[in-house]
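As structure tokens, the structure follows; a few thoughts come after it.
None of these values were measured; they are calculated from a predicted model.
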Amino acid sequence: MELELRHFKIIVAVAEAGSITKAASTLGLAQPALTAQLHRIERALGGPLFERDRKGARPTALGELVLSRARLLLPAVSGLREEAARFANNAALPGDTPARLRLGSATGPVLGGLVHQLNAAYPDLHVTTHVSWSSEELASMVADGRVDYTLVGVCGDAPPPSQPGLIWRTLATDPVFVLLSDKHPLADQREVQLSELAGVQWGATPGDGCFADCFAAACARAGFTPRTLYETDVNSCIDLVESGDAVVLCQPMFRRMPGVVPVPIAGNPLRWRNLIGWHPDGSAAAFSDQLVKMASTAYADVIARSARYTEFLRDYPGFGVERPEAI
């Protein structure tokens, strides 16, 4: 068997996790499949890499040797990919406009409007997109040169994704609303007290970061513990609200549709900051000022289409699009 990069990633994952079970969970593999792969890797290298017992997995002398090489090899290959991606993307249109722009995005309202603006302003620019629930994954893709810019969100005053070396700017800060069935007794209220929803089940789209903890803390301040927080996709969230099975946490510019209505939470106990990030040495970094302006404009356009959020901002002008500043 020829050794591949994924085999070295498995070795490092097992060593760092300290057990086959934990490594399988980290890698998203079934434990029997990971064990079988590890056996094949050990046969290819000529001996056992780990001593395995009830306490976990510890590297053998051969394992330590292979680990020392793997920990040099994997970052080197990642760096090579990053440099190659930047080199391949080096060709540019006149001025600072790149020939290709790769955008990443977590769940948020900006991506569609930003792509529209780019297509209108730069018809020769080739735009591609990548969407993920994970802000950390998107930040890693920027650092590796796999995308040029990414749009992510973070809870309240939480820091941006932990990937070092990236530049982040805040596009907007929004309150978190609740999405109710239009048959819910609070649906026609100007705002709802969080405590009025103490007995309901909750839903939200998935993501990393501290939002679930911030939500639990807000509920505790309101005097209750949430019964359930379903993590599911947007369509299922809407289905749960329409059927009356859950109340969903949502963005304030949630597009109006029959059967559901977004309502502010009194006191705005939950906030969400929308960020754009890039690598200062990326091949499209020179386009950052223009792209930040276009992203801010796209965000303002989304807000303008939401009559309820526009009305809300008249009372709470500290929310919404803000002057972007580097983080």
Side-chain angles (χ1 to χ4, degrees), residues 1-90 100 102 104-106 128-150 152 159-166 206-209 231 277-284:
M1 180 185 75
E2 291 290 335
L3 289 175
E4 303 174 11
L5 280 177
R6 61 189 178 91
H7 298 137
F8 291 105
K9 290 179 180 178
I10 287 172
I11 296 167
V12 171
V14 173
E16 291 181 348
S19 78
I20 302 293
T21 302
K22 292 179 181 177
S25 177
T26 299
L27 294 168
L29 298 172
Q31 182 178 338
L34 179 59
T35 300
Q37 285 197 48
L38 187 57
H39 285 156
R40 289 193 291 272
I41 294 168
E42 290 177 326
R43 285 196 297 271
L45 289 170
L49 301 179
F50 296 94
E51 295 177 357
R52 299 186 276 278
D53 56 29
R54 292 180 180 177
K55 296 181 180 180
R58 297 176 301 282
T60 62
L62 176 59
E64 292 286 4
L65 173 66
V66 176
L67 273 169
S68 67
R69 300 297 189 271
R71 285 171 172 151
L72 293 174
L73 175 65
L74 293 174
V77 172
S78 178
L80 174 62
R81 284 175 173 166
E82 179 181 347
E83 291 178 21
R86 290 173 183 163
F87 181 86
N89 201 32
N90 232 4
R100 178 181 64 170
R102 298 161 299 170
S105 179
T128 60
T129 59
H130 178 89
V131 175
S132 170
W133 295 114
S134 171
S135 296
E136 292 290 345
E137 178 192 355
L138 291 165
S140 178
M141 293 181 71
V142 174
D144 291 343
R146 288 178 285 162
V147 298
D148 301 305
Y149 293 84
T150 190
V152 303
S162 58
Q163 190 71 36
L166 304 187
D208 42 25
E231 276 198 353
W278 67 94
H279 196 290
D281 296 328
S283 59

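- With values rounded to the nearest 0.5 angstrom, Leu34 atom CG is found 8.0 Å from Ile41 atom CD1.
- Residues Asp144 and Ser78 share a closest heavy-atom pair of OD1-OG, 3.3 Å.
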For residues 4-16, tabulate all N or O donor-acceptor pairs below 3.5 Å that involve a side-chain atom, not counting sequence neighbours.
unit_1: Glu4; atom_1: OE1; unit_2: Arg6; atom_2: NE; d: 2.8
unit_1: Arg6; atom_1: NH1; unit_2: Gln37; atom_2: OE1; d: 3.4
unit_1: His7; atom_1: ND1; unit_2: Glu4; atom_2: N; d: 2.9

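- Taking Ser134 as the reference, Asp208 meet the side-chain hydrogen bond (donor to acceptor under 3.5 Å, both in side chains) condition, with sequence neighbours excluded.
- The minimum heavy-atom distance linking Val142 with His279 is given by the pair CG1-N, 3.6 Å.
- In this view, Arg69 and Leu65 satisfy the side chain to side chain contact (heavy atoms under 4.5 Å, CB included) rule, not counting sequence neighbours.
- Counting all heavy atoms, side chain and backbone alike, Arg52 lies closest to Ala57 at CG-CB, 4.1 Å.
- Between Leu38 and Phe50, some side-chain heavy-atom pair lies under the 4.5 Å cut-off.
- In terms of heavy-atom proximity, Ala106 sits nearest to Val152 at CB-CA, 4.3 Å.
- The backbone N or O of Pro161 sits nowhere less than 3.5 Å from a side-chain atom of Ser135 that would complete a donor-acceptor pair.
- With sequence neighbours left out, the side-chain hydrogen bond (donor to acceptor under 3.5 Å, both in side chains) criterion links Glu64 to no other residue.
- Between the CG atom of Leu67 and the CG atom of Leu72 there is a distance of 11.0 Å, given to the nearest 0.5 Å.
- The line from CG of Leu29 to CD1 of Ile20 is 11.0 Å long, rounded to the nearest 0.5 Å.
- From Thr150, atom OG1 reaches atom NE2 of His130 across 8.5 Å, with rounding to the nearest 0.5 Å.
- In terms of the side-chain hydrogen bond (donor to acceptor under 3.5 Å, both in side chains) criterion, residue partners of Glu136 (sequence neighbours excluded) are, by chain and number, Ser162.
- With rounding to the nearest 0.5 angstrom, the OG atom of Ser25 is 10.5 Å from the CD atom of Gln31.
- Across all non-hydrogen atoms, the minimal contact from Ala23 to Ala17 is N-CB, 3.6 Å.
- Arg146 places no side-chain N or O within donor-acceptor distance of the main-chain N or O of Arg102, the cut-off being under 3.5 Å.
- Looking at Glu42, its side chain does come within 3.5 Å of a backbone N or O of Leu49 through a donor-acceptor pair.
- Scored by the side-chain hydrogen bond (donor to acceptor under 3.5 Å, both in side chains) test, Glu137 finds Ser132 as partners (sequence neighbours excluded).
- A side-chain donor-acceptor contact under 3.5 Å links Thr26 to the backbone of Lys22.
- Salt bridge absent: Asp53 and Lys55 never bring a charged side-chain N and a carboxylate O closer than 4.0 Å.
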